[in-house]
Structure formats: C-alpha cells, structure tokens
S.K.: 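Following this message is one structure expressed as structure tokens.
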Amino acid sequence: MKVMRELHAKRVVIKVGTSSLVYPDGAINLRAIDQLAFVISAMRHRGREVVLVSSGAIGVGLNYLGLKKRPKAIPEQQAIAAVGQTELVSIYKERFAVYEQKIGQVLLTRDIFVYPESHQNVLNTFEALLAQNVIPIVNENDTVAVDELDHETKFGDNDQLSAIVATNIGADLLIMLSDIDGFYTGNPNADANAELLTRVERVTDATYEQAGGSGSRFGTGGMVTKLKAAERMLAAHGQMILANGEDPAIIFKILAGEPVGTLFG
Ligand SMILES: Nc1ncnc2c1ncn2[C@@H]1O[C@H](COP(=O)(O)OP(=O)(O)O)[C@@H](O)[C@H]1O
Ligand SMILES: N[C@@H](CCC(=O)OP(=O)(O)O)C(=O)O
C-alpha cells in the first residue's frame, strides 16, 4: 500500500534546473516550460502562493546564440546569461499567458539577504507580487554574481538561492525539480547499485558523502548544492522534495502526497 505524505504547501517555491529546461543536445524543452506554466497556474488558481526559481539563462542563451559549448571565461558566460535570461522570460511570459497568469522577473544575488535594507525591499516585493496574484520568476543575477571570487554572490547556484528565497518568504515547501528521480545512496550515473531514498529526515556528513557533482552539460550545482538547500529548509522547519522534472505534472502528485522523489524533512 502506498504511504501518502502529509505536506504543508500553502506557500511553495519550485526550483527548476537547466537539465529540465534544455535537452542534452542544447535545444529548449518548450514542452517542459509549457507544462510548468500550466501546473503553476493551476496551483495559483487553487489558492496556493507559488514562486518559481528558474535556471536556464545560460542554456537558453547558448541555444539562442547558436553556440555549442559553454565558454570558460566568466564574462562571456555572463553575456550569454544576459541574452538567455531575456529569451527565457519571454518564453515563460508567452506560455503563462495561455493560462491567463501574469509573471514578474526577479533577479537576485544571495548577498542581498545580508543587507537589512535590501533584504526588506526584496521581501516587500515578493509580498506585493504574491498579493497581486503574480508568479515571481527568480534567477540569480548573473551579471553581478561571480564564480571565481570566494564571495556570497557565487555564480550559478540556484539550488541554494531557491532555499534562501523559500526560507526568507516563509515558504512551507521547496520543490526541487532536476533530471533525476530523487536522492540516491550514491551518484546513479556512476554507481549502478545506488538506491533511491524516499525520505531523508536529516542531512548529515554521511548524506554529503553520498552526493556527487552535476550530471548534465549545462547544469552547475550537482547534488551537494541540493543537500545544502535541503539543510536550509530543514533548519527553518520547512520541507523539501527533490523529484524528476522531466514531466512537471509530477508536481500534482507531490501536492497530493504521493511518495514520489525524495522528501527531506
Ligand atoms: N546521490 C545522488 N543522487 C542523485 N543524483 C546525484 C547524486 N550524486 C550526484 N548526482 C548527480 O546530480 C545530478 C543533478 O544535478 P545537476 O546536474 O546540477 O541538475 P540541475 O540542472 O537540475 O540542477 C544528477 O543528474 C546526478 O548525475
Ligand atoms: N543562473 C545560471 C545558472 C544557475 C544554476 O544553478 O544552474 P542549475 O544547476 O541548472 O540549476 C543560469 O540561469 O543559467
């Protein structure tokens, strides 16, 4: 018998990785974007408050500019992200409009939450957007955030950004969609014996030992940043579910309490 989960999900943050938005050959996964728009609009219409944290600026930018490989130089990546973000949000706007749902773009760096005034301004903006039934679509502000510096604006980590946003706006649940069915006892791409865990109550050093890096060509975080995100949610008494974003309709199953993916909490 299936054991159903009890979730609190009035205010939900959904994080979608590049791997769910861009095919391995670099083409944009319009079906996934359309499905996301449909599911999130349906959630909103049922009274849930939803924030979408979407990666994909660099992946979509590469496709838009006809580039096959992500360049190594950070400024070039930032330029591609600037182009790609515009295109990505245009696609979201078009797809959400089909469901008569308005969106608003929010570009953030993580250090914003360190400065009390900026922090408050960001929170005010989220509250105002949600009060007006707008879906905020968040990405890291890639023009500002830099990888090479050991700084809080580390480039390319929407996993942690999504948890920072979720905990700051008091979300109950963070749904993290990736290209994998959940958290395994080891990297399933490297270890054929790795098993899917349906629940992880606490994130410990042993949990980190089971995590590996990114499996996709365009993604950045891998599993370690997803575990850090889970840790943040748990510390704030929230929950996180890591699930496969191949078909975003999986969100309906998650909200119905079906035991899909891995529940952290
Ligand atoms: N223990 C693990 N369980 C599941 N996936 C893992 C694990 N360790 C490493 N991975 C890798 O992490 C990848 C997901 O991270 P990433 O490629 O950054 O995705 P996204 O673009 O969705 O953020 C998986 O495809 C898998 O290759
Ligand atoms: N902000 C960048 C990279 C973000 C990132 O964390 O990527 P991913 O590992 O696919 O979630 C982008 O939009 O391409």
Side-chain angles (χ1 to χ4, degrees), residues 14-24 26 28-29 32 52-65 67 70-71 74 76-89 91-92 105-110 137-147 153-165 174-198 200 203 206-230 242-246 248 261-262 264:
I14 297 170
K15 188 262 167 174
V16 61
T18 307
S19 56
S20 306
L21 302 171
V22 178
Y23 291 110
I28 299 169
N29 188 342
L52 175 64
V53 177
S54 174
S55 300
I58 293 179
V60 170
L62 287 170
N63 177 274
Y64 188 78
L65 293 170
L67 300 170
R70 180 176 175 142
I74 295 289
E76 281 179 49
Q77 292 189 34
Q78 289 174 301
I80 291 165
V83 174
Q85 178 66 20
T86 314
E87 179 64 7
L88 179 63
V89 169
I91 299 170
Y92 274 125
Q105 174 183 252
V106 179
L107 296 178
L108 295 174
T109 48
R110 285 192 267 158
I137 301 189
V138 181
N139 196 353
E140 192 149 41
N141 188 347
D142 294 325
T143 306
V144 179
V146 175
D147 188 26
T153 53
K154 192 176 181 303
F155 181 62
D157 182 7
N158 275 342
D159 292 337
Q160 286 198 79
L161 182 68
S162 64
I164 291 170
V165 168
L174 170 60
I175 297 176
M176 189 158 302
L177 298 180
S178 186
D179 61 349
I180 196 97
D181 288 342
F183 184 67
Y184 286 72
T185 51
N187 186 348
N189 291 329
D191 174 4
N193 296 320
E195 283 176 29
L196 178 67
L197 298 167
T198 52
V200 175
V203 177
T207 325
Y208 278 103
E209 275 163 30
Q210 297 175 314
S214 169
S216 77
R217 206 147 60 90
F218 308 113
T220 52
M223 212 33 72
V224 172
T225 52
K226 290 172 183 34
L227 291 182
K228 287 186 181 167
L242 173 65
N244 200 323
E246 194 181 3
T262 303
F264 292 86

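Just follow the structure's listing: the first ligand is 1, and inside any ligand the first atom is 1.
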S.K.: For S162, enumerate each residue passing the side-chain contact (heavy atoms from CB on, under 4.5 Å) test, keeping only those at least two apart in sequence or located in another chain.
M.R.: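 In terms of side-chain contact (heavy atoms from CB on, under 4.5 Å), with neighbours along the sequence ignored, S162 is linked to V13, K15, V53, L174, M176.
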S.K.: Can you sort out which atoms of ligand 1 are near K15, meaning under 4.0 Å from one of its heavy atoms?
M.R.: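 Those of ligand 1 that fall under 4.0 Å from K15 are 23 (O).
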S.K.: Mind checking the CG-CD spacing from N63 to E87? Nearest 0.5 Å is all I need.
M.R.: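 Here the rounded value is 8.0 Å.
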S.K.: Counting only heavy atoms, which portion of A211 has something under 4.0 Å from ligand 1: side chain, backbone, both, or neither?
M.R.: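 Looking at A211 and ligand 1, just backbone atoms fall under 4.0 Å.
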S.K.: When I180 is tested against each of K226, M223, E246 for side-chain contact (heavy atoms from CB on, under 4.5 Å), which residue passes?
M.R.: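 With I180 as partner, K226, M223, E246 yield a single side-chain contact (heavy atoms from CB on, under 4.5 Å), made by M223.
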S.K.: Within the 4.0 Å heavy-atom shell around T18, which atoms of ligand 1 are there?
M.R.: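 Selected atoms, number and element: 21 (O).
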S.K.: How far apart are the closest heavy atoms of L242 and F264, and which atoms are they?
M.R.: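 Nearest heavy atoms, L242 then F264: CB-CE1, 4.1 Å.
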S.K.: How close do S20 and N29 get, heavy atom to heavy atom, and via which atoms?
M.R.: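 That would be O-ND2, 3.8 Å.
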S.K.: In terms of atom number and element, which parts of ligand 2 are under 4.0 angstrom from non-hydrogen atoms of A57?
M.R.: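 Listed by number with element: 12 (C), 13 (O), 14 (O).
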S.K.: I'd like to check which ligand 2 atoms, numbered from 1 as shown, lie under 4.0 Å from a non-hydrogen atom of G17.
M.R.: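 This gives 10 (O), 11 (O) as the contact atoms.
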S.K.: Which of the numbered atoms in ligand 1 are below 4.0 angstrom from a heavy atom of S19?
M.R.: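 Counting from 1, the qualifying ligand atoms are 19 (O), 20 (P), 21 (O), 22 (O).
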S.K.: Provide the number and element of each atom of ligand 1 under 4.0 Å from a heavy atom of G182.
M.R.: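 Listed by number with element: 3 (N), 4 (C).
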S.K.: Would you mind listing which atoms of ligand 2 come within a distance below 4.0 Å of any non-hydrogen atom of K15?
M.R.: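 Answer, ordered by atom number: 8 (P), 11 (O).
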S.K.: Below 4.0 Å from ligand 1: does a non-hydrogen atom of E209 turn up there or not?
M.R.: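 Contact check E209 vs ligand 1: negative.
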S.K.: Backbone, side chain, both or neither: what part of P188 comes under 4.0 angstrom of ligand 1, heavy atoms only?
M.R.: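 It is the side chain that touches ligand 1; the backbone stays farther off.
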S.K.: Backbone, side chain, both or neither: what part of I58 comes under 4.0 angstrom of ligand 2, heavy atoms only?
M.R.: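 Under 4.0 Å from ligand 2, I58 contributes backbone and side-chain atoms.
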S.K.: So, for S54 and Y92, which heavy atoms are closest and what is the spacing to 0.1 Å?
M.R.: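 Smallest heavy-atom distance, with atoms named: OG-OH, 2.8 Å.
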S.K.: List every atom of ligand 1 that sits less than 4.0 Å from any heavy atom of D179, numbering the atoms from 1 in the order shown and giving each element.
M.R.: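 Taking each heavy atom of D179 in turn, ligand 1 has 13 (C), 14 (C), 24 (C), 25 (O) under 4.0 Å.
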S.K.: Check for me whether G56 has a heavy atom closer than 4.0 Å to any atom of ligand 2.
M.R.: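 It does; at least one heavy atom falls under 4.0 Å.
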S.K.: Looking at every non-hydrogen atom in both residues, tell me the closest pair between G59 and T18 and how far apart they are.
M.R.: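 Closest heavy-atom pair between G59 and T18: CA-CG2, 4.4 Å.
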S.K.: Determine, considering heavy atoms only, which of M223, K226, E195 sits nearest to atom 5 (N) of ligand 1.
M.R.: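 When every heavy atom of M223, K226, E195 is considered, M223 comes closest to atom 5 (N) of ligand 1.
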S.K.: For S55, take its heavy atoms, then give the atoms of ligand 2 lying under 4.0 Å from any of them.
M.R.: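 Listed by number with element: 4 (C), 5 (C), 6 (O), 7 (O), 8 (P), 10 (O), 11 (O), 13 (O).
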S.K.: Identify the two heavy atoms, one from A81 and one from A57, that lie closest to each other, and give their separation to 0.1 Å.
M.R.: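 Taking every non-hydrogen atom into account, O-CB, 3.6 Å.
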S.K.: How long is the gap from CG on L227 to CD on Q160, to the nearest 0.5 Å?
M.R.: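 Between L227 CG and Q160 CD, I get 10.5 Å after rounding to 0.5 Å.
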S.K.: If you count the atoms of ligand 2 from 1 in the order shown, which ones are under 4.0 Å from a heavy atom of D157?
M.R.: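 Close to D157: 6 (O).
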S.K.: Backbone, side chain, both or neither: what part of Q85 comes under 4.0 angstrom of ligand 2, heavy atoms only?
M.R.: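 Within the 4.0 Å criterion, Q85 makes no contact with ligand 2.
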S.K.: Specify the closest pair of heavy atoms between L62 and I80, including all atoms of both residues, with the distance to one decimal.
M.R.: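 Reported closest heavy-atom pair: N-CG2, 3.6 Å.
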S.K.: Once rounded to the nearest 0.5 Å, what's the spacing between atom CG of N244 and atom CG of D181?
M.R.: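 The CG atom of N244 sits 5.0 Å away from the CG atom of D181.
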S.K.: From L177 CG over to S19 OG, what is the distance, rounded to the nearest 0.5 angstrom?
M.R.: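 Spacing of CG (L177) from OG (S19) equals 9.0 Å.
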S.K.: So is there a nitrogen or oxygen of S178 less than 3.5 Å from a nitrogen or oxygen in ligand 1?
M.R.: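 Yes; the residue has a nitrogen or oxygen that sits under 3.5 Å from a nitrogen or oxygen of the ligand.
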S.K.: Any N or O on N158 sitting closer than 3.5 Å to an N or O of ligand 2?
M.R.: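 There is such a contact, yes.
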S.K.: Only heavy atoms of D142, strictly under 4.0 Å: list the atoms of ligand 2 that pass.
M.R.: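 In order of numbering, the contacting atoms are 1 (N), 2 (C), 12 (C), 13 (O).
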S.K.: More than 12 heavy atoms of other residues, nucleotides or ligands under 6.0 Å from CD of Q210: yes or no?
M.R.: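 Atom CD in Q210 is packed in, count exceeds 12.
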S.K.: Below 3.5 Å, N or O to N or O, backbone or side chain included: is there any such pair between E140 and ligand 2?
M.R.: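 In this structure, E140 places no N or O atom under 3.5 Å from an N or O of ligand 2.
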S.K.: Under a 3.5 Å threshold, yes or no: a donor from one side chain and an acceptor from the other, between D142 and Q85?
M.R.: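 No - no donor-acceptor pair under 3.5 Å links their side chains.
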S.K.: With respect to D159, determine whether any N or O atom, backbone or side chain, lies less than 3.5 Å from an N or O atom of ligand 2.
M.R.: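 Among all N and O atoms of D159, none is under 3.5 Å from an N or O of ligand 2.
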S.K.: For ligand 1, note which part of N189 has a heavy atom under 4.0 Å away: side chain, backbone, both or neither.
M.R.: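 Contact part for N189 vs ligand 1: side chain (C-beta onward).
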